[in-house]
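Note that the structure is predicted; figures quoted are calculated from it, not measured. Numbering of ligands and ligand atoms starts at 1, following listing order.
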Amino acid sequence: MSSPAAAAPVKYRRVMLKISGEALMGDLGYGLHPPTVQRIAAEVKSVHDLGVEICLVIGGGNIFRGLAGSAQGMERTTADYMGMLATVMNALAMQSALEQIGVFTRVISAIPMDQVCEPYIRRRAVRHLEKKRVCIFAAGTGNPYFTTDTAATLRANEMACEAIFKGTKVDGVYDKDPRKFADAKRYETVTYDECLEKHLGVMDSTAIALARDNSLPIIVFSLDEPGGFRGILAGQGTYTRVEG
Ligand code: UDP
């Protein structure tokens with residue numbers, strides 16, 4: 001009998017979805033906006049229903065960013081740990097929203113906190129994916145001075161994801177900010193090196209270099225578009241593919 005993934009009208013079997021913490025705050029300006037978390041959970045479910053195995057990394061910027069803390073005089077590594085803890089809160093919120101709509105999940109933290117979620121054990125996480133559980137990787141890489149974009153790239157490589165889908169507020173990578181410049185042009189495809197050289201802001205340079213060195217494509221798309229994630233997986237809609 002063929003697996004649901006094999007029957008799915010999508011070319012991906014296992015993917016990483018990276019969303020920023022800010023994607024969960026709606027118009028609130030801070031923290032979590034439950035209807036927005038539920039909307040994104042429904043987007044994830046719609047792809048999960050296709051049989052695609054899903055890894056998820058959520059940032060923490062809606063609650064705390066290490067750089068912001070250190071700019072206010074806090075010791076940088078402490079501030080970064082606070083940022084990592086913020087990602088755990090977001091992961092738990094997403095877990096709750098997904099499980100309410102019948103999607104089994106595991107929150108897997110790079111910093112062990114056994115009463116709250118599972119510690120990261122690579123082979124165990126792979127097994128969860130094989131059992132069609134959505135794996136929400138929390139606490140970033142577990143190290144200060146990194147970002148959740150780098151965590152997403154690291155976990156995507158470890159989990160052998162075929163691509164990272166970076167859900168943003170715009171439908172791809174532009175040569176300049178499309179919200180400020182009417183003549184901004186969207187790239188269909190762009191190379192990792194171009195992203196780095198032109199500072200295109202897809203992800204931070206550590207994340208891009210890690211994706212480049214492991215030939216992991218990054219697909220930048222709009223998470224604000226209803227049905228967007230599922231559409232992109234089926235090869236529809238607009239997006240930018242970062243590769244080569
Ligand atoms: N962070 C960290 N190490 C990591 C991942 C994240 O120290 O491996 C901290 C860092 O302070 C960062 C914060 O967690 O500012 C929140 O993550 P990020 O800024 O990537 O969130 P996003 O911008 O995606 O919401």
Side-chain angles (χ1 to χ4, degrees), residues 16-33 36-37 39-41 43-44 55-95 97 107-113 116-117 119-120 122 125 135-159 164-170 173 177 179 195 199-211 214 216 218-224 229 242:
M16 164 65 70
L17 173 65
K18 164 69 198 345
I19 56 180
S20 70
E22 281 169 355
L24 303 186
M25 73 185 181
D27 294 328
L28 291 182
Y30 178 80
L32 286 156
H33 181 239
T36 302
V37 179
R39 182 183 65 77
I40 294 175
E43 297 281 336
V44 172
C55 302
L56 196 54
V57 166
I58 309 172
N62 56 322
I63 300 171
F64 198 84
R65 276 215 175 84
L67 271 178
S70 96
Q72 288 166 359
M74 198 176 278
E75 198 263 321
R76 170 70 194 266
T77 55
T78 302
D80 276 340
Y81 281 117
M82 290 173 67
M84 286 182 256
L85 292 177
T87 72
V88 180
M89 294 214 262
N90 286 336
L92 293 174
M94 182 56 71
Q95 173 172 53
V107 172
I108 302 171
S109 174
I111 300 173
M113 46 183 94
V116 178
C117 52
Y120 176 66
R122 193 191 71 84
C135 287
I136 310 171
F137 295 100
T141 63
N143 300 290
Y145 295 100
F146 287 93
T147 64
T148 51
D149 281 348
T150 302
T153 312
L154 173 67
R155 296 292 185 240
N157 281 319
E158 289 180 283
M159 295 297 118
I164 303 185
F165 289 77
K166 165 123 177 158
T168 71
K169 288 201 167 302
V170 287
V173 183
D177 189 344
R179 288 171 298 183
C195 289
H199 301 282
L200 292 178
V202 177
M203 285 183 170
D204 65 87
S205 54
T206 311
I208 302 251
L210 189 58
N214 295 283
L216 180 70
I218 305 167
I219 290 153
V220 182
F221 72 102
S222 169
L223 201 65
D224 287 351
F229 185 30
V242 184

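Under the 4.5 Å side-chain criterion, counting only non-hydrogen atoms from C-beta, L210 is not in contact with T206. M203 has its side chain within reach of I164: a pair of non-hydrogen atoms, C-beta onward, lies under 4.5 Å apart. Side-chain contact check for R155 versus C55: every heavy-atom pair is 4.5 Å or farther apart. Side chains of M84 and P144 form a contact here, defined as non-hydrogen atoms less than 4.5 Å apart. Two residues are said to be in side-chain contact when any heavy atoms from C-beta on lie closer than 4.5 Å; F137 and E158 fail this criterion. Inter-residue side-chain proximity for Y81 and I111 is flagged as met; some heavy-atom pair is nearer than 4.5 Å. Side chains of R65 and E22 form a contact here, defined as non-hydrogen atoms less than 4.5 Å apart. In this structure, K18 and I218 have side chains that are not in contact, with every pair of non-hydrogen atoms separated by 4.5 Å or more.
The shortest N/O to N/O separation between I19 and ligand 1 does not fall below 3.5 Å. Considering backbone and side-chain atoms alike, P144 places every N or O at 3.5 Å or more from each N or O of ligand 1. Checking only distances, A151 never comes within under 3.5 Å of ligand 1, N or O to N or O. Checked against a 3.5 angstrom limit, the closest N/O atoms of G66 and ligand 1 fall inside it. Every N/O-N/O distance between S20 and ligand 1 stays at or above 3.5 Å. At least one N or O atom of T141, backbone or side chain, sits closer than 3.5 Å to an N or O atom of ligand 1. Checked by distance only, ligand 1 and F64 stay at 3.5 Å or farther apart across all their nitrogen or oxygen atoms. When only interatomic distances are considered, the shortest N/O to N/O separation between N143 and ligand 1 falls below 3.5 Å. Ligand 1 has no nitrogen or oxygen under 3.5 angstrom from a nitrogen or oxygen of D149. The distance criterion of under 3.5 Å between nitrogen or oxygen atoms is met by D80 with respect to ligand 1.
When each atom of ligand 1 is checked for a heavy atom of K18 under 4.0 Å away, the hits are 24 (O). Listed by atom number, the atoms of ligand 1 under 4.0 Å from G61 heavy atoms are 21 (O), 22 (P), 25 (O). Per-residue contacts place G140 under 4.0 angstrom from the following atoms of ligand 1 (heavy atoms of the residue considered): 4 (C), 5 (C), 8 (O).
For atom 5 (C) of ligand 1, the closest non-hydrogen atom on the protein side is T147 C, 3.4 Å. Of all protein heavy atoms, the one closest to atom 2 (C) of ligand 1 is F146 O, 3.1 Å. Atom 18 (P) of ligand 1 has T148 OG1, 3.4 Å as its closest protein atom, hydrogens excluded (heavy atom only). Looking only at protein heavy atoms, the nearest one to atom 23 (O) of ligand 1 is R65 NH2, 2.6 Å.
No heavy atom of Y81 sits closer than 4.0 Å to any atom of ligand 1. The shortest heavy-atom distance from A86 to ligand 1 is not under 4.0 Å. Under a 4.0 Å heavy-atom criterion, M82 is not in contact with ligand 1.
Listed by chain and residue number, Y12, F229 satisfy the ring-ring contact (aromatic ring centres under 6.0 Å, His included) test with F165 (two or more places apart in sequence, or in another chain). Residues satisfying the side chain to side chain contact (heavy atoms under 4.5 Å, CB included) test with S205, not counting sequence neighbours, are L196.
Counting heavy atoms only, G21 comes closest to atom 25 (O) of ligand 1 of the residues G69, A152, G21. Taking only non-hydrogen atoms, the option from G60, G83, S70 nearest to atom 13 (C) of ligand 1 is G83.
Listed here is the closest heavy atom pair of A86 and G60: CB-O, 3.8 Å. Nearest heavy-atom pair, A139 versus T87, reported as atom, atom and distance to 0.1 Å: N-OG1, 2.8 Å.
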- Steps toward side chain to side chain contact (heavy atoms under 4.5 Å, CB included) verdict (M113, L85): CA-CA 10 Å; M113 46 183 94; L85 292 177; 3.8 Å; yes

